[in-house]
Protein chains: 2
Amino acid sequence: MTSRRGAHRIHEINAEDVERHASLHPHVLEADVPASKIDRRIARTRRKLEHAFFHLIQDKGYDAVTIQDICEKAGVGRSTFYTHFTGKDDLKRRSLEHLRAELSAYQTMASTTDPGKALSFSLGMFEHARRHVGAYRGLIGSEGLAVSLGGIRGIIADLIRAELAGQGDRQDREIRVAFVVGAFMSVLTNWLDNGAKIEPADIDVRFRSLLFGGLSPG
Amino acid sequence: MTSRRGAHRIHEINAEDVERHASLHPHVLEADVPASKIDRRIARTRRKLEHAFFHLIQDKGYDAVTIQDICEKAGVGRSTFYTHFTGKDDLKRRSLEHLRAELSAYQTMASTTDPGKALSFSLGMFEHARRHVGAYRGLIGSEGLAVSLGGIRGIIADLIRAELAGQGDRQDREIRVAFVVGAFMSVLTNWLDNGAKIEPADIDVRFRSLLFGGLSPG
DNA sequence: GGACGACCCGGACACTTTGTCCAGGAACGA
DNA sequence: TCGTTCCTGGACAAAGTGTCCGGGTCGTCC
């Protein structure tokens, strides 16, 4: 115990840090609620918590992060955490909403400028992932080669499902969705685990070639 | 607590049950040690623990299973657990060794009887998985659509890697491995989550068609 | 078949994390 | 400024983890 507590703790994050950091969960935050109506204190607390979470998963990985860690780093009382989120998973889920919004925005954008390109999410995802390597690795697992994928997998699956709608029967479609999302997530995490050295555009080409052309050729 | 302890507890597993149950981790157990040299008590305890584990993950899922659960169901002292395994992950890892052995046996068998068939692990895996749906679901996650895959992913990756050896440069090969293993695991878990209704042979055909033929056609 | 030694048991211990509750102080919105 | 809402720090019970030990039990080996 010996919880000496004073002006500032180890790595406490202050408001300014939070403010100037654009990340996985930046703006879109209170998109569904009239942003003016929500108490500043609430917004601030949530922001601090999400940021602490965001930073912590990068060097400890999702599983290793405890709620106490988050609160400590965020400089927020632990009891306060529970007034905003029901637990770690809840926090994760809500943080991922931002990603979902960003991605589907990219998706619709890409499909209007280049209507012929199917499954256009992939490039955007590769790019987004590289921009936030740390967060993705923390969220996605990366320990060894595990792929927990939290909710990211579901997000991608939805995008694919939307695009494959109308093809074949439902059963067959679901198999295809599973196939694509699995292959994609796997290539993505593998790429990240190796430091994302290849350019997003390049890895995207390779992925799409395998996906549409099949394994056999080269 | 109130640990009344007597002849038998709630769902304690006895030696006979263990003996007659062929599963994910049956025979190959002490393959690396001269089987005759190891104390029967050790073998028995390990078997009981692995079996309890095996059963528990089927109705609670890997994460929800605690070491206490395992010991209780196995009828083994908790302190004894730690003399055999360092923790839950260790137990899981060792249990998976059996699967690895079984699969690679199947793999080499299939590739000798039908040398033309690449990536022949898939059918065997589908079949094996259906035989042990519960265990796979518990191990693999299945909550929502997450894919934690414990160590199974690594096992499959090794098989694929071995078969793809010598093609292209190392980087490209790893991408392919990631692609195949990801797609496969995803299709597999999706199949299991839907109750494994389709026949293993059928799902295998669909998977291989997507893999070698690409997504576009039908 | 008996003695020795390895193994297992149960219980205790210190520690960490979780989730809940409350009183009092601080900050917000009007 | 005033009332409401939010945050805090602390305490709490519960659950799980990992470690240690004394004493009983069961294999193994002679």
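Here the structure is a predicted model, which is why all the values come from computation and not from measurement. Atoms considered below: every heavy atom in the structure, side chains included; atoms not considered: hydrogens, waters and symmetry mates. Residue numbers start from 1 in every chain, and the chains themselves are labelled A, B, ... in the order their sequence lines are given, proteins ahead of strands.
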S.K.: Nearest to the B:Asp39 side chain among D:dG27, C:dC8, D:dT17, which nucleotide is it?
M.R.: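 Nucleotide nearest to B:Asp39's side chain: D:dG27.
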S.K.: B:Lys60 NZ to D:dG16 C1': how many Å, rounded?
M.R.: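 Going from B:Lys60 (NZ) to D:dG16 (C1'), I get 12 Å.
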S.K.: If I take atom CZ in residue A:Phe85 and atom C1' in nucleotide D:dC7, what distance separates them, rounded to the nearest angstrom?
M.R.: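 So the CZ-C1' distance, A:Phe85 to D:dC7, works out to 15 Å.
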S.K.: Which nucleotide, C:dT17, D:dA11, D:dC7, lies nearest any side-chain atom of A:Arg78?
M.R.: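 Output: D:dA11.
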S.K.: Distance check needed: D:dG18 P versus B:Leu91 CG, whole Å only.
M.R.: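 Distance, rounded to whole Å: 12 Å.
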S.K.: For a quick test of reading the model, state the closest non-hydrogen atom pair linking B:Gly182 to A:Ser186 and the distance between them.
M.R.: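 Looking at all heavy atoms of both residues, the shortest contact is CA-CB, 3.4 Å.
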S.K.: From the set C:dC8, D:dC7, C:dG29, return the single nucleotide nearest to any side-chain atom of A:Thr80.
M.R.: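 Selected nucleotide (nearest to the side chain): D:dC7.
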S.K.: With a 4.0 Å cutoff (strictly under), does any side-chain N or O of B:Tyr82 reach OP1 or OP2 of D:dT19?
M.R.: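 No, B:Tyr82 has no side-chain N/O under 4.0 Å of OP1/OP2 on D:dT19.
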S.K.: Under 30°, 30 to 60°, or over 60°: which ring-plane class applies to B:His51 and B:Phe54, parallel, tilted or perpendicular?
M.R.: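 Aromatic pair B:His51/B:Phe54 classed perpendicular.
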S.K.: Ignoring hydrogens and geometry beyond distance, is the side chain of A:Arg41 in donor-acceptor contact with the base of D:dT5 at under 3.5 Å?
M.R.: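 Answer is yes: a donor-acceptor pair is held.
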S.K.: Output yes when at least one side-chain N/O atom of B:His84 is less than 4.0 Å from OP1 or OP2 of C:dC7, else no.
M.R.: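 It does not, given that no N or O in the side chain of B:His84 lies less than 4.0 Å from OP1 or OP2 of C:dC7.
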S.K.: Once you round it to whole Å, what is the distance between P of C:dG19 and CD1 of A:Ile70?
M.R.: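 Taking CD1 of A:Ile70 and P of C:dG19, I get 11 Å after rounding.
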S.K.: Between P on D:dC6 and NZ on A:Lys48, what's the gap in Å once rounded to a whole number?
M.R.: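 From A:Lys48 NZ to D:dC6 P: 15 Å.
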S.K.: Using modelled atom types and a 3.5 Å cut-off, is there a donor and acceptor pairing between side-chain atoms of B:Arg130 and backbone atoms of B:Ala196?
M.R.: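 Present.
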S.K.: So, taking the atom named CG in B:Leu56 and the one named NZ in B:Lys88, what distance separates them when rounded to the nearest 0.5 Å?
M.R.: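 It is 10.5 Å, given to the nearest 0.5 Å.
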S.K.: Report yes if a side-chain nitrogen or oxygen of A:Arg44 is closer than 4.0 Å to either non-bridging phosphate oxygen (OP1 or OP2) of D:dC7; otherwise report no.
M.R.: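 No, no such contact exists.
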S.K.: Rounding to an integer number of Å, can you tell me how far A:Gln68 CD sits from C:dG19 C1'?
M.R.: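 Checked: the CD to C1' distance equals 11 Å.
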S.K.: If you only use heavy atoms from C-beta on, which nucleotide in D:dT28, D:dC7, C:dC28 is closest to the side chain of A:Ile42?
M.R.: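 Among the listed nucleotides, the one closest to the side chain of A:Ile42 is D:dC7.
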S.K.: To the nearest Å, how far apart are A:Ile67 CD1 and D:dA15 P?
M.R.: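 Taking CD1 of A:Ile67 and P of D:dA15, I get 18 Å after rounding.
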S.K.: Examine D:dT8: is either OP1 or OP2 under 4.0 Å from a nitrogen or oxygen in the side chain of A:Ser79? Give yes or no.
M.R.: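 Answer no for this pair, as no side-chain N or O of A:Ser79 is under 4.0 Å from OP1 or OP2.
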S.K.: Find which nucleotide of DNA chain C each of A:Asp69 and B:Gly77 is nearest to by heavy atoms, and output the residue with the more 5' nucleotide.
M.R.: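 Between the two, 5'-proximity favours B:Gly77.
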S.K.: Does a side-chain N or O of B:Arg40 approach OP1 or OP2 of D:dC26 to a distance below 4.0 Å, or not?
M.R.: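 For D:dC26, neither OP1 nor OP2 has a side-chain N or O of B:Arg40 closer than 4.0 Å.
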S.K.: On a heavy-atom basis, which atom in B:Cys71 and which in B:Phe81 lie closest, and how many Å separate them?
M.R.: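 The answer is SG-CB, 3.6 Å.
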S.K.: Taking CG from A:Leu56 and P from C:dT17, how many angstroms apart are they, rounded to a whole number?
M.R.: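 Result: 12 Å.
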